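Report on the structure given below.
We count ligands from 1, going down the list as the structure has it; atoms in each ligand are counted the same way. Please read all numbers here as calculations on a predicted model, not as lab measurements.
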Amino acid sequence: MDAKARLPIGMFDSGVGGLTVLKALKERLPCEDVIYLGDTARLPYGTKSPQTVARYAVQCAAELVNRGIKLLVIACNTASAVALGPLREAYPDIPVIGVVEPGALAACRASRNDTIAVIATESTINGGAYQRAIHSISPAARIIGHPCPLFVPLAEEGWVDGDIPEAVAARYLDPIFKPASGTESPVTPDTLVLGCTHFPLLAPAIRNVVDPATVIVDSAATTAETVLSELERLSMRRAEGECGTVHYLTTDDVARFARTGTRFLGTAIGESEVELVDL
Ligand code: DGL
C-alpha cells in the first residue's frame, strides 16, 4: 500500500457537531485513521463574521496538515461556506471536501417539487452558500433559507427532545411549513436540509413539527460517500481488514469535549483519547 494511503484523514469543526460527520464516515470507511479537531474554545462559528470564520478555518487546517493527513474534511457548514475555496488554494496537493455541496446534492436528489428549505446558522444562511450550491445542481429550485441559531446550544446541552426543543423547532419552522391562513400560500417545501452539523441531534424534535412527508436530509452520509469516492479515485483508500483509529484534538476543556462528543458520536470518547491543542 502506498505510504500516503496510510496517512489519516483530517477533519475539523467548530466543536463536536462534526462528529455526526465522523460517525457517517466511520460507518463507510472503518479502516481509515482519522484526526478530528474540534475548535471548542471559539465555538460558535455560526454567529461570527465570514472573515473571522475563514481565519479560524485556516488555523484548524494548518494544525491538521502539519500532522500529516491525506485528505481534509471541513466537517462544519459555516466553515465550509466561507473557507472551502481558500483551503483548496492553500493545499493544492490535499483533497479538501466541505459539507455544503454534499448536503445540496442530497437535497436535490430528494426533492420532488423543487422546493427546498434549508436551516443552518446565521452565517451559513446569510452567506448564501447553500442557495448557490443547490442552484448549481437544480437551477429552477425554490429555496427557503432560515437561520436557527438556538439549535446549536440545545444540541450541545443535550436538550434534544421534549417540549422545549419542539417549541423552538415550531417557532422556527411553522412560518415555513404552516403559513398562517390568509397569507399567500406558496408551495410547501418537501425537503428540509439540516445545514448545520449540530442539527441531526434535533432531527426527532424537528420531525414532530413538520409535515410527516417532508424528507429531512443532512450532509453527513453524502459527505462520507464523497470522501470514499475521492479516496478510491486517487487510490488512497487504506487496505480493508485494518481497524482505523481516531485521535481527537480540542482547543478547550478535554473533559467537556469527551462528554458532549460522546453524545454526538453515539459511542464513548475517553478523555485519554483527546489532546488539548492551542492554535
Ligand atoms: N458546526 C457548525 C455548522 O455546521 C455549527 C456550530 C457553530 O455555530 O459553530 O455550521
Derivation of the side-chain hydrogen bond (donor to acceptor under 3.5 Å, both in side chains) call for Thr222 and Ser219
CA-CA 5 Å; Thr222 336; Ser219 48; over 6 Å; no
Between Glu63 and Arg67 (salt bridge meaning N to carboxylate O under 4.0 Å), is one present in this structure?
yes
State whether the number of non-hydrogen atoms from other residues, nucleotides or ligands found under 6.0 Å of Glu232 atom CD is greater than 12.
yes
Atom CG of Asp253 with >12 non-hydrogen neighbours under 6.0 angstrom:
yes
Qualifying residue for side chain to side chain donor-acceptor pair (under 3.5 Å) with Glu32, from Lys70, Lys26, Arg238
Lys70
Between CG on residue Leu71 and CG on residue Leu234, distance to nearest 0.5 Å
8.0 Å
Could you tell me, for ligand 1, which of its N or O atoms are under 3.5 Å from any protein N or O, listing the pairs and their distances rounded to 0.1 Å?
unit_1   : atom_1 : unit_2 : atom_2 : d
ligand 1 : 1 (N)  : Asp13  : OD1    : 2.9
ligand 1 : 1 (N)  : Thr197 : OG1    : 2.8
ligand 1 : 4 (O)  : Asn77  : N      : 2.9
ligand 1 : 4 (O)  : Asn77  : ND2    : 3.2
ligand 1 : 4 (O)  : Thr197 : N      : 2.9
ligand 1 : 4 (O)  : Thr197 : OG1    : 3.1
ligand 1 : 8 (O)  : Tyr45  : N      : 3.4
ligand 1 : 8 (O)  : Gly46  : N      : 2.8
ligand 1 : 9 (O)  : Ser14  : OG     : 2.6
ligand 1 : 9 (O)  : Tyr45  : N      : 2.7
ligand 1 : 10 (O) : Thr78  : N      : 3.1
ligand 1 : 10 (O) : Thr78  : OG1    : 2.6

